[in-house]
Participant: 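Can you keep this structure in mind? I'll have questions shortly.
These values consider heavy atoms only, across backbone and side chains, with no hydrogens, waters or symmetry-generated copies. Just so you know, these numbers come straight off a predicted model, no measurement behind them.
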Amino acid sequence: MININKQNNWKEKLHEIIYEADTPAGKLFDIILLLLIITSIILVMLESVEEFAAKYIDFLNAAEWVITILFTIEYIARITVVSQPKKYIFSFYGVVDLLSTIPKYLSFFILGSHSLIAFRALRLMRVFRILKLARYVGESNNLIKALRASRAKIAVFVFFVLIVCVILGAVMYIVESGQDSGFTSIPRSVYWAIVTLTTVGYGDIAPATALGQLISSIIMIIGYGVIAIPTGIVSVEYSKNYKEDTQTVKKPTVKQIRTNTQTCSNCLETDHDNDANFCKTCGNNLH
């Protein structure tokens, strides 16, 4: 019984350090983790510079192996201290942590796969926990609601733009036929229409005839309006959601604001109130 209690205490302390940022140890762990992630990304970037890589290849390889081993230990520790490992393994952060750990090992079997270490940049999202910015992330809910509410309108609009691009591409193929301007097929002409309508303009294909240039000018002018329409659709929906929220919630209460970084060891739920003793999702004891 004593051994079981000691084991539970050990896991609880390690869980507090790894998954929570309110304690000094937890904050220090997350800061060190972020520094390792940033260092790893810088090493991958430097390795892509041929002159630097040729001179310091041994150092880069050794440093990357050290960081990979540390991340492997951290990944195993995260799995060990939770009651339901599958929840962490298949969670967003669990998948990101795995993808940021295995590339170096895959380099034994797949040449060049170590470049996938750049996935570690996603782990920088943990900075929200350290700086306690998670409470403000909830403000993005209005934007998500606006996007969901306007998805049908945007889908219709995008479908209409695609039809216009196909028609304009076909027209330009006919107008520029016989000219050495790059409109060699209708698909290639449609590609040009999309690039021009979105005002990107790579310049790899350009009309040579006067009529083609006139049509191209019209498409570019239309492109500015095309960019503004989806923005207006989302903005209207966002304004509606904002008004609804301000009407229903006049002033946030202290309980709504005061949350911490406690993570449930059973279901990995976060953003619990400061005075919460049990998980708001599964009821597991947080202390």
Side-chain angles (χ1 to χ4, degrees), residues 6-134 137 261-270:
K6 286 183 177 180
Q7 184 180 8
N8 289 337
N9 290 334
W10 174 79
K11 283 189 175 183
E12 288 174 4
K13 289 180 180 178
L14 189 57
H15 178 275
E16 185 177 297
I17 294 173
I18 294 176
Y19 282 97
E20 298 175 16
D22 284 332
T23 62
K27 186 172 291 186
L28 178 62
F29 174 83
D30 279 348
I31 291 174
I32 293 173
L33 179 61
L34 288 176
L35 291 176
L36 285 174
I37 294 168
I38 294 172
T39 302
S40 176
I41 294 170
I42 292 174
L43 290 175
V44 173
M45 293 172 65
L46 292 175
E47 191 176 352
S48 66
V49 181
E50 293 183 4
E51 296 82 3
F52 190 90
K55 191 174 181 180
Y56 300 102
I57 186 64
D58 293 333
F59 166 75
L60 293 172
N61 188 54
E64 190 51 53
W65 268 116
V66 170
I67 294 175
T68 297
I69 292 171
L70 290 175
F71 281 149
T72 303
I73 295 172
E74 180 232 352
Y75 182 75
I76 294 172
R78 286 183 181 276
I79 295 174
T80 304
V81 299
V82 294
S83 302
Q84 300 184 47
K86 286 185 178 179
K87 282 188 174 291
Y88 164 71
I89 293 172
F90 295 104
S91 66
F92 172 76
Y93 281 117
V95 173
V96 169
D97 291 347
L98 179 62
L99 289 176
S100 64
T101 303
I102 62 174
K104 194 64 178 176
Y105 298 112
L106 289 177
S107 63
F108 283 116
F109 310 101
I110 305 174
L111 187 64
S113 61
H114 66 281
S115 298
L116 295 175
I117 291 172
F119 274 114
R120 287 177 181 168
L122 293 174
R123 302 191 74 184
L124 292 173
M125 293 175 65
R126 295 186 186 276
V127 73
F128 286 104
R129 293 177 63 250
I130 298 174
L131 301 178
K132 295 186 177 181
L133 298 176
V137 177
T261 62
Q262 279 189 320
T263 302
C264 177
S265 61
N266 183 52
C267 68
L268 300 181
E269 182 63 58
T270 57

Participant: Is it the case that atom OH in Tyr56 sees more than 12 heavy atoms from other parts of the structure closer than 6.0 Å?
Facilitator: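 For Tyr56, atom OH is not crowded (no more than 12 foreign heavy atoms under 6.0 Å).
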
Participant: Please identify each residue that fulfils side-chain contact (heavy atoms from CB on, under 4.5 Å) with Ala62, with sequence neighbours left out.
Facilitator: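 Result, side-chain contact (heavy atoms from CB on, under 4.5 Å) vs Ala62: none returned.
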
Participant: Within the structure provided, determine whether Lys13 and Val81 are in side-chain contact (heavy-atom separation under 4.5 Å).
Facilitator: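 Lys13 does not reach Val81 side chain to side chain.
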
Participant: Working to the nearest 0.5 Å, report the span between CG of Asp30 and OH of Tyr19.
Facilitator: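 With rounding to 0.5 Å, CG (Asp30) is 11.5 Å from OH (Tyr19).
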
Participant: Calculate, to the nearest 0.5 Å, the distance between atoms CG and CD1 belonging to Leu60 and Ile42 respectively.
Facilitator: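 It is 12.0 Å, given to the nearest 0.5 Å.
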
Participant: Stepwise, does the side chain to side chain contact (heavy atoms under 4.5 Å, CB included) test hold for Leu98 with Ile89?
Facilitator: CA-CA 8 Å; Leu98 179 62; Ile89 293 172; 5.7 Å; no

Participant: Using a 3.5 Å distance criterion without hydrogens, assess whether the side chain of Ser40 forms a donor-acceptor pair with backbone atoms of Leu36.
Facilitator: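 No; zero donor-acceptor contacts below 3.5 Å.
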
Participant: Calculate, to the nearest 0.5 Å, the distance between atoms CD and OG belonging to Gln84 and Ser91 respectively.
Facilitator: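 It comes to 12.0 Å.
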
Participant: If the plane angle is over 60° it's perpendicular, under 30° parallel, otherwise tilted; pick one for Tyr105 and Trp65.
Facilitator: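 Taking Trp65 first and then Tyr105, their aromatic rings stand perpendicular (interplane angle over 60°).
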
Participant: Ring centres of Phe52 and Phe59 under 6.0 Å apart?
Facilitator: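 Judged by ring-centre distance (under 6.0 Å), Phe52 and Phe59 do not meet the cut-off.
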
Participant: Considering residues at least two apart in sequence or located in another chain, which fulfil the side-chain contact (heavy atoms from CB on, under 4.5 Å) criterion with Thr39?
Facilitator: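 side-chain contact (heavy atoms from CB on, under 4.5 Å) check on Thr39 returns Leu43, Ile67.
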
Participant: Nearest 0.5 angstrom please: Glu64 CD to Phe71 CZ, how far?
Facilitator: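 It comes to 8.0 Å.
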
Participant: How about Glu16 and Glu12: do any of their side-chain heavy atoms sit closer than 4.5 Å?
Facilitator: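 The answer is no; the side chains never approach within 4.5 Å.
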
Participant: Look at Glu51 together with Lys55 and state whether they make a salt bridge at an N to O cut-off of under 4.0 Å.
Facilitator: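 Result for this pair is no, no salt bridge flagged.
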
Participant: From Arg78 CZ over to Ile76 CD1, what is the distance, rounded to the nearest 0.5 angstrom?
Facilitator: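 Between atom CZ of Arg78 and atom CD1 of Ile76 there are 13.0 Å.
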
Participant: Any side-chain heavy-atom pair from Val82 and Lys87 closer than 4.5 angstrom?
Facilitator: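 Heavy-atom side-chain distance check fails, nothing below 4.5 Å.
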
Participant: Of all heavy-atom pairs between Ser100 and Pro103, which one has the smallest distance, and what is that distance?
Facilitator: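 In terms of heavy atoms, the two residues are closest at C-CD, 3.8 Å.
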
Participant: Rounded at 0.5 Å granularity, tell me how far OG1 in Thr101 sits from CD1 in Ile73.
Facilitator: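 One finds 11.0 Å between OG1 of Thr101 and CD1 of Ile73.
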
